[in-house]
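Quick notes on the structure that follows.
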Amino acid sequence: MEQGVEQGCRRKALVYLPTNEVVTSYRQLEEKLRKLGWERYPDNDDPDKLQFHRGVSSALLISLPRDFAKFKTMHMFDIVLKNRDYFEVRDHFL
């Protein structure tokens with residue numbers, strides 16, 4: 001049996017831990033981040049990026065590609081590092 005068939009198609013997924021939900025859109029991600037005190041950064045000069053910050057006094061910033069299809073593992077890990085108790089990167093089988 002071929003290895004690809006046996007193991008299936010696997011990719012990384014961002015999981016919201018309180019509900020064990022796989023994040024599948026920016027709308028969904030923004031809703032989760034808002035609950036954790038993140039706000040969309042209003043003065044984003046780069047039209048290809050979405051940015052979130054945690055209030056004006058925080059130095060933390062999450063920068064994401066505007067196109068969800070370009071949302072990569074490195075972006076997921078950035079979110080996890082800044083929200084350790086709420087997000088996790090897992091293997092997701094398709």
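Counting from 1, the numbers follow the sequence of the chain as shown. Both backbone and side-chain heavy atoms feed into the values below; hydrogens, waters and symmetry mates do not.
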| request: Please identify each residue that fulfils side chain to side chain donor-acceptor pair (under 3.5 Å) with Lys35, with sequence neighbours left out. | output: none
Donor-acceptor contacts, no H, no angles, side chain residues 18-25, under 3.5 Å, sequence neighbours left out:
| residue | atom | partner | partner atom | Å |
| --- | --- | --- | --- | --- |
| Thr19 | OG1 | Glu21 | OE1 | 2.8 |
| Asn20 | OD1 | Arg90 | NH1 | 2.7 |
| Asn20 | OD1 | Arg90 | NH2 | 3.1 |
| Glu21 | OE1 | Lys32 | NZ | 3.0 |
| Glu21 | OE2 | Gln28 | NE2 | 2.8 |
| Thr24 | OG1 | Gln28 | OE1 | 3.1 |
| Ser25 | OG | Gln28 | N | 3.1 |

| Qualifying residue, where the test is side-chain contact (heavy atoms from CB on, under 4.5 Å) with Leu29 and the options are Leu14, Ile62, Leu50 | Leu14
| message | Suppose we screen for salt bridge (Lys or Arg N to Asp or Glu O under 4.0 Å). Which residues come up paired with Asp91, at least two apart in sequence or across chains? | response | Arg10, Lys12
So [Y] and [X], do their side chains get closer than 4.5 Å, heavy atoms only?
X: Asp67; Y: Asp48; result: no
X: Asp85; Y: Leu17; result: no
X: Leu36; Y: Arg54; result: yes

| task | Begin from the C-alpha positions of Phe52 and Leu60 and carry the test side-chain contact (heavy atoms from CB on, under 4.5 Å) through to its verdict. | result | CA-CA 8 Å; Phe52 297 90; Leu60 293 179; over 6 Å; no
| request: Just jot down the ring pair (Phe, Tyr, Trp, His ring centres under 6.0 Å) partners of Phe68, sequence neighbours excluded, or say none. | output: Tyr26, Phe71
When the side chains of residues 72-82 are checked against the rest of the protein, which donor-acceptor pairs come out under 3.5 Å, sequence neighbours left out?
| residue | atom | partner | partner atom | Å |
| --- | --- | --- | --- | --- |
| His75 | ND1 | Lys72 | N | 2.9 |
| Asp78 | OD1 | Lys82 | NZ | 2.8 |
| Asp78 | OD2 | Lys82 | NZ | 3.3 |
| Lys82 | NZ | Leu61 | O | 2.5 |

| said: Arg34: which residues meet the side-chain contact (heavy atoms from CB on, under 4.5 Å) condition with it, sequence neighbours left out? | reply: Glu30
| message | Would the distance check show the side chain of Arg66 and the main-chain N or O of Lys49 forming a donor-acceptor pair, the cut-off being under 3.5 Å? | response | yes
